[in-house]
Amino acid sequence: MCKPNPSGANSDAGMKKSVDPSVVSKKRIITRSELACHNQPSSAWCAIHSSAGGMTKKEKGEGEDDGSGGGGGYIVLDVTNFASVHPGGDLVLLAAGKDASVLFETYHPRGVPRSIVEKLRIGTMEDGSFTSFYSWESDFYSTLKSRVVGRLEERGLSRRGSLGIQVKAIFLLVGFWYSLLNMYLGMNRAFLASALWSMSMGIFAALIGTNIQHDGNHGAFARAKYVNKVAGWTMDMIGASAFTWEIQHMLGHHPYTNVLDMVEEERKGMGVDCKLEEKDQESDPDVFSSFPLMRMHPLHVPSWYHRYQHMYAPVLFAVMTLAKVFQQDFEVATSRRLYHIDANVRYGSGWNVARFWIMKLVSMSYMLGLPMYLHGPARGLGLFVIGHLACGELLATMFIVNHVIEGVSYGRKVPNGCGDRNNDNDDGKKVCKPTTMMGDTPMERTREMAHERIARGGGGVDETKALPSVPFNDWAAVQCQTSVNWAPGSWFWNHFSGGLSHQIEHHLFPSICHTNYVHIQDVVESTCMEYGVPYQSEPSLWVAYGKMINHLKCLGRGKIE
């Protein structure tokens with residue numbers, strides 16, 4: 001039975017030391033609660049679905065190899081010591097204590113040698129431990145990965161960043177500090193001049209967030225893991241916490257884009273807060289937490305003020321970074337949780353906690369304390385706020401249009417099916433299909449059009465077999481249904497936005513540097529067409545922004561039952 005958890009943090013009691021895989025039976029059965037105990041850098045276990053580990057039912061020896069769902073289809077890896085030699089550094093520790101299948105699949109486009117998986121394997125999850133919203137049965141994503149890797153090799157491009165992103169990073173860092181310095185030196189000039197430099201600082205801070213820390217914390221900025229760590233640290237440099245960002249963005253938003261766990265929604269409605277190990281991790285925090293007073297998912301209950309959210313949304317966008325810096329960062333660091341997500345994977349380390357507080361103190365000193373000393377308390381505070389307003393508005397403008405816009409789909413995870421929202425896959429299995437706020441499923445239309453196209457040019461070919469089978473809840477297909485590009489193929493907007501303009505490519509391949517997205521965009525789009533998977537894009541940011549505002553207006557007026 002679910003009971004309230006006022007403390008909001010997991011108890012450290014019962015924490016087990018890391019186990020030597022060489023002395024543990026590979027068929028040992030591990031429970032979900034035991035896995036959840038190994039959720040810290042000092043003891044990190046993770047579960048992955050067995051097909052990700054390259055194992056068959058016979059080799060696995062437990063349960064059915066369904067690719068998702070049944071707990072018997074999951075193996076457990078101990079990655080505690082592996083983090084020190086992992087090519088991506090301690091990025092692997094984000095998997096601690098949870099089902100890490102999505103992380104495993106998406107951060108290894110070239111795959112992982114089976115020998116490594118077997119070396120790390122310490123057992124098998126107890127049957128029924130996890131029930132996933134997603135299917136991994138289709139070859140859609142494996143085909144995409146193979147073709148994208150092939151394109152990069154064909155053009156001699158590194159999967160991670162190279163000279164292009166490094167030059168841009170230097171330019172942005174110089175711009176940030178130059179703007180901050182000029183804001184300091186404006187103490188004897190008109191306040192307007194200092195305010196303009198503060199806005200410039202805020203704009204550069206936003207671009208550092210999208211172009212440097214974003215790739216760094218995804219492990220995509222450079223080949224060297226230490227360079228990636230330094231790049232990710234720039235998030236702390238501009239005042240926020242890279243650790244909190246990783247937890248919300250990489251453990252919540254990326255794997256489960258626009259998906260909402262309906263059981264947890266019902267519990268929240270009753271005022272019940274379960275223990276973290278009882279919560280379902282498959283829910284996107286961005287659609288219920290990014291902005292107060294906003295309704296960003298059609299399954300949420302609308303309030304009277306949501307009817308006006310399309311009017312006040314731009315104002316809320318501007319204060320986004322202020323809320324992150326002064327509220328969310330501190331809440332997550334002290335409670336060691338972010339909503340339904342366990343934050344011990346980062347804040348369970350004493351060094352990480354020390355880094356959080358030291359960087360908060362240092363960044364507040366030069367971004368707030370020094371301006372208040374030089375310009376006076378009121379003006380100094382005003383300059384700090386102006387910089388954040390510019391930063392927040394630019395950031396939100398570029399990224400909210402990617403997932404909250406006309407035509408985008410939303411997912412619901414429920415334990416006993418979705419009623420009339422169930423739909424037959426090509427294999428006849430019922431799935432809870434992603435739908436738009438109007439209740440339709442774009443992937444249905446896309447596949448119907450693909451069948452018609454094949455029939456017109458097929459010359460008697462069986463179009464059902466000619467169109468590859470892709471479940472509506474296939475992980476990669478869901479990413480395509482819940483993400484939207486803008487200005488696709490544009491070199492300028494890709495560089496300016498740090499790859500946000502190619503959101504579909506980014507969600508499918510988060511470990512690939514954003515400078516490569518213009519080179520793989522056509523590969524992704526053509527493969528989607530071949531498999532009958534939606535690929536939605538808007539011609540420009542301005543068109544996308546207009547459709548996002550109209551979408552917010554529609555979201556404020558009704559609820560899908």
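Computed over heavy atoms, backbone and side chain alike; hydrogens, waters and symmetry mates excluded.
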With sequence neighbours left out, write down each residue that passes side chain to side chain contact (heavy atoms under 4.5 Å, CB included) with Ala240, or none if nothing qualifies.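 Met235, Val325, Asp329.
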Going by the rule side chain to side chain contact (heavy atoms under 4.5 Å, CB included), which residues pair with Gln309 if we only count those two or more places apart in sequence or in a different chain?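 If we apply the side chain to side chain contact (heavy atoms under 4.5 Å, CB included) test to Gln309, skipping adjacent residues, the hits are Met294, Arg295, His306, Tyr312, Leu552, Leu555.
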Once the angle between the rings of [X] and [Y] is folded into 0 to 90°, is it parallel (under 30°), tilted (30 to 60°) or perpendicular (over 60°)?
X: Tyr545; Y: Phe317; value: perpendicular
X: His218; Y: His249; value: perpendicular
X: His506; Y: Tyr517; value: tilted

Can you confirm whether more than 12 heavy atoms, excluding those of Met529, are under 6.0 Å from its CE atom?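 No, because the 6.0 Å sphere around CE of Met529 holds 12 heavy atoms or fewer from other groups.
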Enclosure of Tyr308 OH (heavy-atom neighbours >12, cutoff 6.0 Å):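 Open.
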May I ask you to decide if [Y]'s main-chain N or O and [X]'s side chain share a donor-acceptor pair within less than 3.5 Å?
X: Glu525; Y: Gln521; value: no
X: Ser283; Y: Gly252; value: no
X: Gln481; Y: Phe472; value: yes
X: Thr441; Y: Glu444; value: no
X: Ser146; Y: Ser142; value: no
X: Asn228; Y: Phe221; value: yes

Would you say the side chains of Gln281 and Asp99 form a donor-acceptor pair under 3.5 Å? no
ring-ring contact (aromatic ring centres under 6.0 Å, His included) involving [X] - partner list, sequence neighbours excluded:
X: Tyr410; result: His297
X: Phe243; result: Tyr347
X: His310; result: none
X: His507; result: His253, His254, His403

For a side-chain contact (heavy atoms from CB on, under 4.5 Å) with Val470, tell me which candidate from Cys480, Ser135, Cys528, Ser138 qualifies.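 The residue from Cys480, Ser135, Cys528, Ser138 that satisfies side-chain contact (heavy atoms from CB on, under 4.5 Å) with Val470 turns out to be Ser138.
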Smallest separation among heavy atoms of [X] and [Y], with atom names:
X: Leu467; Y: Glu530; result: CD1-O, 3.5 Å
X: Thr436; Y: Gly407; result: CG2-O, 3.8 Å
X: Arg159; Y: Ser511; result: NH1-OG, 2.8 Å
X: Phe133; Y: Gly411; result: CZ-CA, 4.2 Å
X: Leu77; Y: Val117; result: CD2-O, 3.6 Å
X: Pro534; Y: Thr446; result: CG-OG1, 3.5 Å

To the nearest 0.5 Å, how far apart are [atom1] in [X] and [atom2] in [Y]?
X: Met438; Y: Ser409; atom1: CE; atom2: OG; answer: 13.0 Å
X: Glu282; Y: Ser132; atom1: CD; atom2: OG; answer: 3.5 Å
X: Asn402; Y: Thr482; atom1: CG; atom2: OG1; answer: 10.5 Å
X: His340; Y: Cys274; atom1: NE2; atom2: SG; answer: 12.5 Å
X: Trp136; Y: Asn473; atom1: CH2; atom2: CG; answer: 11.0 Å
X: Ser101; Y: Ile75; atom1: OG; atom2: CD1; answer: 9.0 Å

Given Asn211, Thr210, Asn217, the one that forms side-chain hydrogen bond (donor to acceptor under 3.5 Å, both in side chains) with Gln213: Asn217
Is there a side-chain contact between [X] and [Y], using heavy atoms and a 4.5 Å cut-off?
X: Leu103; Y: Leu251; answer: yes
X: Val148; Y: Leu508; answer: no
X: Met320; Y: Phe399; answer: yes
X: Thr515; Y: His495; answer: yes

Across all chains, not counting sequence neighbours, the salt bridge (Lys or Arg N to Asp or Glu O under 4.0 Å) partners of Glu265 are Lys268
Do [Y] and [X] meet the salt-bridge criterion of a basic N to acidic O distance under 4.0 Å?
X: Arg110; Y: Glu153; result: yes
X: Asp273; Y: Lys279; result: yes
X: Lys145; Y: Glu105; result: yes
X: Lys98; Y: Asp342; result: no

Give me each pair satisfying salt bridge (charged side-chain N to carboxylate O under 4.0 Å, His left out) with a member in residues 240-263, each pair once, sequence neighbours excluded. Glu246-Arg346
Listed once per pair and sorted, the salt bridge (charged side-chain N to carboxylate O under 4.0 Å, His left out) pairs that draw on residues 483-510, sequence neighbours left out: none
According to the ring-ring contact (aromatic ring centres under 6.0 Å, His included) rule, which pairs have a member within residues 522-541, sequence neighbours left out? Phe140-Tyr531
Output all residues satisfying side-chain hydrogen bond (donor to acceptor under 3.5 Å, both in side chains) with Asp215, sequence neighbours left out; order by chain, then residue number. His514
Residues forming a side-chain hydrogen bond (donor to acceptor under 3.5 Å, both in side chains) with His519, sequence neighbours excluded: Arg155
